[in-house]
Amino acid sequence: MEPILALRESGVLTLTFNRVEKKNAITQEMYALLHRELQSAQADEAVRVVVLQGQQDLFTSGNDVTEFLQRPPGGLDTPVFDFLRSLADFPKPVIAAVGGPAVGIGTTLLLHCDLVYAGDNALFSLPFVNLGLSPEAASSLLLPLRVGPAAAAEMLMFGEPFGADDALAVGLINRVLPPEGLRDYAQAQARKLAAKPSASLALTKQLLRKGQRELVHAAMADEAWHFARMLQGPAAKEAFSAFLAKRKPDFSKL
Ligand code: COA
């Protein structure tokens, strides 16, 4: 089974995480697939909008933890950063439809989407500190801009999951929907956008993000350096081993 499903219909490319047995944990192979799809969609005039989604009750559990332990990404020349850069720079509208857990990069990638719709079952979390890590995907820059510094500090320092209503209240997402209607709503919104003049939409997106591109790239690079170092550290190793062994991590000596 393909871990990323790509469907092109009525001007909309829908990319679906499809690794349900591992809670849609994202592997380097999946990042590479997403990157390729975005690159080809950027060049394809028939694609006017992208929708990123999981299932009704599952967005993604974030980076694949087993890969983090076995093959930690070391630099910027990796599939995860190819994906993040292609998403951050994508010139056409991107809509995310989030139901269930959206862990780690599952939440930070939303900062690069234009519109985020969530089921009332959505559960966002930024558990980097609890995993002995540090923020990624330019979230240290974009999250405070999006939700304000106070909410950003709370989300990033405690790393506790928060629901769709809280996410809506701080402006992280656009709308909360019943889970069973989420993906249809996202599709309907995508088709509405796909029917609009594409040059106007592209220009609107470009102007909304004016001056941000260089800052976002610099933040990603800076964060990536720290993240790679932290990933090799004892706290991260303890956190990920504990997760895979289904036990609580012990940071008492770290
Ligand atoms: N990487 C690798 N495997 C993962 C994973 C991840 N990010 N998230 C879940 N899985 C695997 C589990 O190890 C388990 O595998 P198994 O069936 O072989 O034991 C399977 O997916 C089901 O996960 P489980 O934790 O039992 O499901 P749950 O419904 O109890 O909880 C989540 C779902 C999403 C809340 C939980 O899996 C979770 O918190 N994952 C996040 C992991 C993480 O720290 N991600 C951030 C990385 S920066």
Side-chain angles (χ1 to χ4, degrees), residues 1 3-4 16-34 52-75 78-81 83-84 87 96-112 118-140 142-143 152 155-164 166-167 179 220 223-251 254:
M1 268 229 282
I4 299 290
T16 306
F17 295 117
N18 187 39
R19 194 179 174 227
V20 177
E21 71 287 0
K22 292 291 179 189
K23 301 286 169 183
N24 289 340
I26 313 174
T27 59
Q28 295 299 306
E29 179 206 356
M30 289 161 75
Y31 287 122
L33 287 168
L34 289 165
L52 196 53
Q53 65 179 18
Q55 292 66 42
Q56 187 176 306
D57 56 355
L58 174 63
F59 191 57
T60 167
S61 61
N63 226 302
D64 186 281
V65 166
T66 311
E67 274 198 355
F68 258 172
L69 278 174
Q70 290 170 355
R71 280 184 289 146
T78 50
V80 57
F81 290 109
F83 161 65
L84 283 171
L87 181 64
V98 182
V103 186
I105 197 166
T107 291
T108 56
L109 71 78
L110 304 175
L111 299 168
H112 302 284
D120 61 20
N121 61 345
L123 213 51
F124 305 87
S125 64
L126 298 162
F128 304 114
V129 166
N130 302 337
L131 296 170
L133 297 170
S134 48
E136 41 83 296
S139 57
S140 62
L142 294 176
L143 193 65
M155 290 170 181
L156 283 168
M157 288 185 175
F158 287 104
E160 283 167 9
F162 54 95
D166 288 339
M220 272 187 201
E223 290 170 350
W225 187 85
H226 292 290
F227 195 93
R229 189 173 54 84
M230 298 300 276
L231 205 46
Q232 306 284 357
K237 290 209 166 102
E238 166 58 12
F240 291 132
S241 308
F243 174 75
L244 292 174
K246 301 188 191 296
R247 63 172 171 83
K248 273 195 183 322
D250 175 7
F251 298 125
L254 301 171

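In each ligand, atom 1 is the first atom listed, and ligand 1 is the first ligand listed.
- Atom 30 (O) of ligand 1 lies below 4.0 Å from none of the non-hydrogen atoms of the protein.
- Checked by atom type and distance alone, the side chain of Asn130 pairs as donor or acceptor with a backbone atom of Phe158 at under 3.5 Å.
- Proximity of Lys246 to ligand 1 is established by a heavy-atom distance of less than 4.0 Å.
- Nearest protein heavy-atom contact of atom 20 (C) of ligand 1 is Glu21 O, 3.6 Å.
- Taking every non-hydrogen atom of Phe68 and a distance limit under 4.0 Å, the qualifying atoms of ligand 1 come out as 48 (S).
- Protein heavy atom in closest approach to atom 39 (O) of ligand 1: Phe243 CE1, 4.2 Å.
- Residues Gly54 and Thr16 approach most closely at O-CG2, 3.8 Å, considering heavy atoms.
- Only side-chain heavy atoms of Leu131 come within less than 4.0 Å of ligand 1; its backbone N, CA, C and O stay farther off.
- The backbone N or O of Phe59 lies less than 3.5 Å from a partner atom in the side chain of Asn24, making a donor-acceptor pair.
- Looking at Thr66 next to ligand 1, no N or O pair under 3.5 Å apart turns up.
- Other residues, nucleotides and ligands place more than 12 heavy atoms under 6.0 Å from the CZ atom of Phe251.
- In terms of protein heavy-atom proximity, atom 16 (P) of ligand 1 is closest to Lys22 NZ, 3.6 Å.
- Of the N or O atoms in Val65, one or more lie within a sub-3.5 Å distance of an N or O in ligand 1.
- Ligand-side atoms of ligand 1 in range of Ala25: 1 (N), 2 (C), 5 (C), 6 (C), 7 (N), range being under 4.0 angstrom from any heavy atom.
- Across Asn63, Asp64, Val103, heavy-atom proximity to atom 7 (N) of ligand 1 is greatest for Asn63.
- In terms of protein heavy atoms, atom 27 (O) of ligand 1 is closest to Lys23 CE, 3.3 Å.
- Between the His112 side chain and the Ala138 main chain, no donor and acceptor come within less than 3.5 Å of each other.
- Residues Thr108 and Glu136 have side chains that bring a donor and an acceptor to within less than 3.5 angstrom of each other.
- Residue contacts with ligand 1 include Ser61, since one or more of its heavy atoms lies under 4.0 Å from the ligand.
- In this structure, Phe162 and Leu123 have side chains that are not in contact, with every pair of non-hydrogen atoms separated by 4.5 Å or more.
- Relative ring orientation between Phe68 and Phe227 is described as tilted, the plane-to-plane angle lying within the 30° to 60° band.
- Within 6.0 Å of CZ in Arg229 there are more than 12 heavy atoms belonging to other residues, nucleotides or ligands.
- Shown here, atom 22 (C) of ligand 1 is in close reach of the protein: a heavy atom of it lies under 4.0 Å off.
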